[in-house]
Amino acid sequence: MQTLQAVLDEIVAEMSAQADRGEVATYIPQLGKIDPGKFGIAVVLNDGSSAVAGDAEEPFSVQSISKVFTLALALGRVGDSLWNRVGREPSGTPFNSIVQLEREEGIPRNPFINAGAIVVSDILLAGHQPREAIGEILSFVRTVADDDTIVIDADVANSERVTGYRNFALANYLKGFGNLHHAPEMTLGVYFHHCAIAMSCLQLANAGRFLASAGMVPSTGHTVVSSERARRVNALMLTCGHYDGSGEFAFRVGIPGKSGVGGGILAIVPGVASIAVWSPGLNARGNSMLGSIALEQLTRRMNWSIFSSRSA
Ligand code: DON
């Protein structure tokens with residue numbers, strides 16, 4: 001069998017030959033400036049070893065991938081009462097859709113669509129100033145990545161705020177249904193800033209290790225969430241992590257994954273590895289086009305799909 005490094009090098013070579021790389025998101029103007037030719041991939045195994053290839057050490061905007069960390073943090077703060085305000089079902093709608101909110105009376109389908117993540121931000125804001133809540137989220141990400149150099153890109157956060165009409169609409173709608181406890185601009189301040197966290201593939205794969213290791217950060221030995229909670233976050237990533245493309249991702253890649261419009265994907269092979277991939281061009285559903293293809297190649301070659309039959 002090929003080594004993991006050889007598989008990653010082969011994937012990078014294949015991806016650099018791809019002519020159709022999808023479209024870089026431009027609705028957040030700052031993201032529209034990113035070179036669509038970038039491609040990076042990093043895998044951190046549970047035994048502590050890692051392999052990287054391509055632009056794996058260049059920071060990018062993690063965007064919606066940050067929703068995995070805010071969910072884990074908010075569950076730690078309020079426990080299962082979070083589920084009184086956010087559902088756990090796939091939406092089958094785009095990440096910024098408002099249609100279900102009216103019919104379902106202000107309860108977002110899941111914590112990964114924008115409406116659900118805005119409620120999670122609202123939970124994290126309770127008892128804090130926005131600056132403190134943002135600081136806590138960044139500190140949690142640094143803890144799970146075991147890396148204090150991770151920062152928020154303030155230009156991206158600002159770029160998103162000035163063009164964030166849809167998110168303001170969602171927050172106002174949530175407020176109208178009584179499912180937002182703070183002023184929309186306060187909660188969105190938290191939301192925009194966590195979406196603007198910048199990480200490289202290697203940093204992001206490190207940050208995801210606790211989900212592959214039953215809630216423990218292997219490099220420090222600290223348990224940050226219970227194993228049951230890690231398992232449930234993985235389940236939500238599988239069913240909801242790619243919005244209306246979640247079924248297709250499960251079908252092709254077969255592991256929990258969370259995408260972001262910056263072109264990153266965090267993917268977890270429970271008990272085995274945490275993987276991050278970055279290619280800025282998106283498919284029609286707002287998920288990284290080459291990132292998804294690369295993960296499909298990787299899980300196939302390593303036999304990592306959670307749906308593969310394994311001998312006992
Ligand atoms: O709220 C937004 O639109 C962005 N900050 C995040 C959206 C996102 O990453 C969707 N993922 N593919």
Side-chain angles (χ1 to χ4, degrees), residues 30 40-46 48-50 52 55-78 111-112 117 120-121 123-158 160 189-227 229-230 233-234 237 241 256 258-260 262-268 273-278:
Q30 202 67 15
I41 187 162
V43 179
V44 180
L45 296 167
N46 274 14
S49 63
S50 59
V52 300
D55 304 308
E57 301 198 44
E58 185 171 328
F60 61 90
S61 192
V62 302
Q63 290 295 318
S64 288
I65 304 169
S66 60
K67 296 169 182 174
V68 171
F69 306 106
T70 55
L71 174 64
L73 191 58
L75 284 168
R77 179 80 65 76
V78 300
F112 293 150
V120 172
S121 286
I123 290 170
L124 292 173
L125 185 53
H128 294 289
Q129 291 302 315
R131 188 183 298 114
E132 295 166 344
I134 294 162
E136 253 189 46
I137 296 167
L138 182 61
S139 154
F140 181 74
V141 169
R142 286 174 168 180
T143 299
V144 292
D146 192 14
D147 185 339
D148 281 343
T149 68
I150 294 167
V151 291
I152 291 173
D153 185 331
D155 292 339
V156 171
N158 193 48
E160 184 162 351
V190 176
Y191 173 80
F192 292 145
H193 279 84
H194 76 65
C195 287
I197 292 173
M199 281 192 257
S200 68
C201 289
L202 183 57
Q203 288 173 319
L204 183 57
N206 276 328
R209 289 172 301 176
F210 74 102
L211 294 170
S213 315
M216 189 192 69
V217 178
S219 61
T220 60
H222 290 140
T223 294
V224 287
V225 300
S226 67
S227 60
R229 198 154 276 161
V233 171
N234 284 335
M237 287 171 73
K258 181 75 210 79
S259 66
I265 302 175
L266 172 66
I268 304 297
S274 171
I275 306 163
V277 62
W278 173 50

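Since this is a predicted model, take the numbers as computed values, not measurements.
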Requested in this report: Evaluate the criterion side chain to side chain donor-acceptor pair (under 3.5 Å) for residue pair Thr143 and His222; output intermediate values, then yes/no.
Outcome: CA-CA 9 Å; Thr143 299; His222 290 140; over 6 Å; no
Query raised in the report: In this structure, which one of Val144, Val141, Asn206, Val62 forms a side chain to side chain contact (heavy atoms under 4.5 Å, CB included) with Ile150?
Result: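 The option that passes is Val141.
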[X] side, atom [atom1]; [Y] side, atom [atom2] - distance, nearest 0.5 Å:
X	Y	atom1	atom2	result
Ile268	Leu211	CD1	CG	4.5 Å
Phe140	Leu124	CZ	CG	10.0 Å
Ile137	His193	CD1	NE2	10.5 Å
Cys201	Phe60	SG	CZ	4.5 Å
Gln203	Glu58	CD	CD	11.5 Å
Ile152	Met199	CD1	CE	10.0 Å

Query raised in the report: Which atoms form the tightest heavy-atom contact between Ala212 and Ala273, and what is the distance?
Result: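 Here Ala212 and Ala273 meet closest at CB-O, 3.5 Å.
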Requested in this report: Identify the two heavy atoms, one from Pro59 and one from Ala198, that lie closest to each other, and give their separation to 0.1 Å.
Outcome: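 Looking at all heavy atoms of both residues, the closest pair is CB-CB, 4.3 Å.
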Report task. Let me see the working for Asn46 and Ser213 under side-chain contact (heavy atoms from CB on, under 4.5 Å), right down to the final yes or no. Result -> CA-CA 7 Å; Asn46 274 14; Ser213 315; 3.4 Å; yes
Determine whether a donor-acceptor pair (N or O, by modelled atom type, separation under 3.5 Å) exists between the side chain of [X] and the backbone of [Y].
X	Y	value
Ser49	Leu45	no
Ser50	Val44	no
Lys258	Gly241	yes

Report task. Begin from the C-alpha positions of Trp278 and Ser200 and carry the test side-chain contact (heavy atoms from CB on, under 4.5 Å) through to its verdict. Result -> CA-CA 8 Å; Trp278 173 50; Ser200 68; over 6 Å; no
Report task. Might you work through the side-chain contact (heavy atoms from CB on, under 4.5 Å) test for Arg142 and Val151, ending with a clear yes or no? Result -> CA-CA 9 Å; Arg142 286 174 168 180; Val151 291; 4.0 Å; yes
Query raised in the report: Listed by chain and number, what are the side-chain contact (heavy atoms from CB on, under 4.5 Å) partners of Ala267, not counting sequence neighbours?
Result: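 With sequence neighbours excluded, Ala267 shows a side-chain contact (heavy atoms from CB on, under 4.5 Å) to Ile255, Ile275, Leu295, given in chain and number order.
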Query raised in the report: Could you go step by step and tell me if Arg209 and Ser219 meet the side-chain contact (heavy atoms from CB on, under 4.5 Å) rule?
Result: CA-CA 9 Å; Arg209 289 172 301 176; Ser219 61; 3.3 Å; yes
Query raised in the report: Is any side-chain heavy atom of Val190 closer than 4.5 Å to a side-chain heavy atom of His128?
Result: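 Result no, sub-4.5 Å side-chain heavy-atom pair not found.
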Requested in this report: Kindly indicate whether the side chain of Leu204, heavy atoms from C-beta on, has any atom under 4.5 Å from the side chain of Ile65.
Outcome: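 In short, these two side chains touch, coming nearer than 4.5 Å.
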For residues 67-75, which side-chain N or O atoms pair as donor and acceptor with protein atoms under 3.5 Å away, sequence neighbours left out?
{"unit_1": "Lys67", "atom_1": "NZ", "unit_2": "Ser64", "atom_2": "OG", "d": "2.9"}
{"unit_1": "Lys67", "atom_1": "NZ", "unit_2": "Phe112", "atom_2": "O", "d": "2.9"}
{"unit_1": "Lys67", "atom_1": "NZ", "unit_2": "Asn114", "atom_2": "OD1", "d": "2.7"}
{"unit_1": "Thr70", "atom_1": "OG1", "unit_2": "Lys67", "atom_2": "O", "d": "3.2"}

